[in-house]
Amino acid sequence: MSEPLEEAYNGLMNDKVPTLWTNVAYESLKPLAPWIKDLVQRVDFFGSWAELVVSSVLRASKLPTVQSMTAPATIDEQMRLQQDQPSQFWLSAFYFPQGFLTAVLQSHSRKVGKSVDSLKFDFEVIKSSSSSESQPPSTGSKQHTYMHTKYLAPISKESPSHAGLHVHASSGINGVLVYGLFLDGARWDTVSDCLQDSLSRERFSHLPEIHFNPVEACNDVKSESVSRASSANSVTAFQHDDNQANEDSSARPSYKCPLYRTSNRAGTLSSTGHSTNFVTAISLPTECEPSLWVRRGVAALCQLDD
């Protein structure tokens with residue numbers, strides 16, 4: 001038995017991910033058993049996404065009949081292929097989430113005809129429509145069950161047993177909804193809609209889904225207020241209308257919460273000058289001074305260690 005195979009055997013016996021796997025896998029600090037469950041959930045996520053794309057392509061490439069060849073294509077038929085895409089994205093499932101966020105900005109830049117360098121993300125935490133959705137999921141395997149039973153359900157409420165990803169109800173919605181993130185050192189309060197102290201003996205907490213809305217980067221206050229209004233309109237299209245909360249949160253300070261791929265918060269230095277473990281900084285409203293959360297080292301994580 002070679003040394004790499006022996007190391008892999010010892011890892012399997014001690015519930016550790018073998019080095020042969022970690023060298024070609026995504027970054028994770030999970031033990032072997034939770035790592036396997038997480039891998040299966042990632043494959044299911046992209047598998048559902050692929051099925052959605054394939055079914056859309058097949059509908060668009062059906063053999064035309066004599067009548068359909070002479071009749072012009074309707075607007076609904078032209079836009080259906082663009083509309084059939086996920087409306088919520090499990091950011092933790094991506095091998096390189098920074099690349100996904102860059103692709104969102106590039107797609108929006110082509111849509112509005114602006115340079116991608118002039119765009120940035122405006123963040124809006126979606127208020128849960130029910131009390132059950134605001135409860136954080138338990139860690140471990142139940143965590144993934146919560147995510148995928150809630151977000152892989154169809155958009156139509158009449159047939160909840162039908163499996164599939166959410167699709168956009170309108171093609172005019174900007175940005176994406178991201179779910180599956182966690183807070184380290186703080187919690188999100190669903191009543192005040194802002195950062196609050198962690199509960200007793202609770203280090204990690206679930207962060208609700210967040211709307212990543214591409215807007216033009218401007219320094220003046222007027223452009224910032226317009227971008228907030230645009231973000232609120234996009235969230236309304238997702239049926240998460242909470243205008244009063246948006247008005248209250250706009251007057252409060254915000255904390256630039258760093259988002260990391262793992263709780264290690266360390267990685268190799270990339271060409272952008274940031275650590276490869278760092279994804280982006282999310283603006284979260286807070287009732288306290290942002291310096292308080294900086295001193296406490298509060299950060300958001302894509303995944304937990306168990």
Establish whether [X] and [Y] are linked, either directly or via other cluster members, by ILVMFWY side-chain heavy-atom contacts under 4.5 Å.
X: Val104; Y: Val112; value: no
X: Val294; Y: Val279; value: yes
X: Phe45; Y: Leu39; value: no
X: Trp21; Y: Phe96; value: yes
X: Val17; Y: Tyr9; value: no

Would you indicate whether the side-chain heavy atoms of [Y] and [X] approach each other to under 4.5 Å?
X: Leu195; Y: Pro285; answer: no
X: Leu91; Y: Leu259; answer: yes
X: Asp193; Y: Val125; answer: no
X: Ser198; Y: Leu183; answer: no
X: Phe182; Y: Leu207; answer: no
X: Phe121; Y: Pro214; answer: yes
X: Ile126; Y: Leu177; answer: yes
X: Glu124; Y: Asn213; answer: no

Checking [X] now: which residues fulfil side-chain contact (heavy atoms from CB on, under 4.5 Å) with it, not counting sequence neighbours?
X: Phe204; answer: Asp184, Leu301, Leu304
X: Glu27; answer: Arg261, Thr262, Asn277
X: Glu6; answer: Met1, Asn10

Considering all heavy atoms, the nearest [X]-[Y] contact:
X: Ser55; Y: Leu52; result: OG-O, 2.8 Å
X: Gln196; Y: Asp189; result: CG-CB, 3.4 Å
X: Ser283; Y: Lys256; result: OG-NZ, 2.8 Å
X: Ala33; Y: Asp15; result: N-OD1, 3.0 Å
X: Gly185; Y: Val298; result: O-CG2, 3.7 Å
X: Pro18; Y: Leu12; result: CG-CD2, 4.2 Å

Quiz prompt | Chi angles and distances behind the side chain to side chain contact (heavy atoms under 4.5 Å, CB included) call for Phe89, Trp49 | solution = CA-CA 10 Å; Phe89 292 87; Trp49 189 354; 3.4 Å; yes
Can a donor-acceptor pair be found, under 3.5 Å and without considering hydrogens, that links the side chain of [X] to the backbone of [Y]?
X: His211; Y: Asn174; result: yes
X: Lys30; Y: Asp306; result: yes
X: Glu209; Y: Gln88; result: no
X: Arg187; Y: Ser205; result: no
X: Ser107; Y: Ala103; result: no

Quick one: [atom1] on [X] to [atom2] on [Y], what's the gap to the nearest 0.5 Å?
X: Leu181; Y: Ile282; atom1: CG; atom2: CD1; answer: 5.5 Å
X: Arg110; Y: Leu105; atom1: CZ; atom2: CG; answer: 11.0 Å
X: Phe123; Y: Phe212; atom1: CZ; atom2: CZ; answer: 5.0 Å
X: Lys111; Y: Gln106; atom1: NZ; atom2: CD; answer: 16.0 Å
X: Thr19; Y: Glu3; atom1: OG1; atom2: CD; answer: 10.0 Å
X: Ser28; Y: Asp38; atom1: OG; atom2: CG; answer: 6.0 Å

Quiz prompt | Centroid-centroid distance, Tyr95 to Tyr26, less than 6.0 Å | solution =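 No.
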Taking atom types as modelled, find out whether [X] and [Y] have a side-chain donor-acceptor pair closer than 3.5 angstrom.
X: Thr286; Y: Trp293; answer: yes
X: Glu216; Y: Ser118; answer: no
X: Lys127; Y: Thr190; answer: no

Quiz item: Could you walk me through whether Ser263 and Leu29 pass the side chain to side chain contact (heavy atoms under 4.5 Å, CB included) check?
Solution: CA-CA 8 Å; Ser263 61; Leu29 300 178; 3.7 Å; yes
Quiz prompt | Pairing of Asp44 and Arg42 as salt bridge, 4.0 angstrom limit | solution =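 Salt bridge between Asp44 and Arg42, a charged N being under 4.0 Å from a carboxylate O: no.
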Quiz prompt | side chain to side chain donor-acceptor pair (under 3.5 Å) partners for Thr280, two or more places apart | solution =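 Side chain to side chain donor-acceptor pair (under 3.5 Å) list for Thr280, sorted by chain: empty.
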Practice problem: Can you sort out the partners of Thr102 under side chain to side chain donor-acceptor pair (under 3.5 Å), two or more places apart, ordered by chain and number? | Solution: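 If we apply the side chain to side chain donor-acceptor pair (under 3.5 Å) test to Thr102, skipping adjacent residues, there are no hits.
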Exercise. Output all residues satisfying ring pair (Phe, Tyr, Trp, His ring centres under 6.0 Å) with Phe46, sequence neighbours left out; order by chain, then residue number.
Key: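 Phe46: ring pair (Phe, Tyr, Trp, His ring centres under 6.0 Å) contacts with Phe94.
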Quiz prompt | Trace of the side chain to side chain contact (heavy atoms under 4.5 Å, CB included) decision for Tyr255 with Leu292 | solution = CA-CA 9 Å; Tyr255 168 59; Leu292 173 65; over 6 Å; no
Exercise. Check step by step if side-chain hydrogen bond (donor to acceptor under 3.5 Å, both in side chains) holds for Ser92 and Gln303.
Key: CA-CA 6 Å; Ser92 309; Gln303 58 178 300; over 6 Å; no
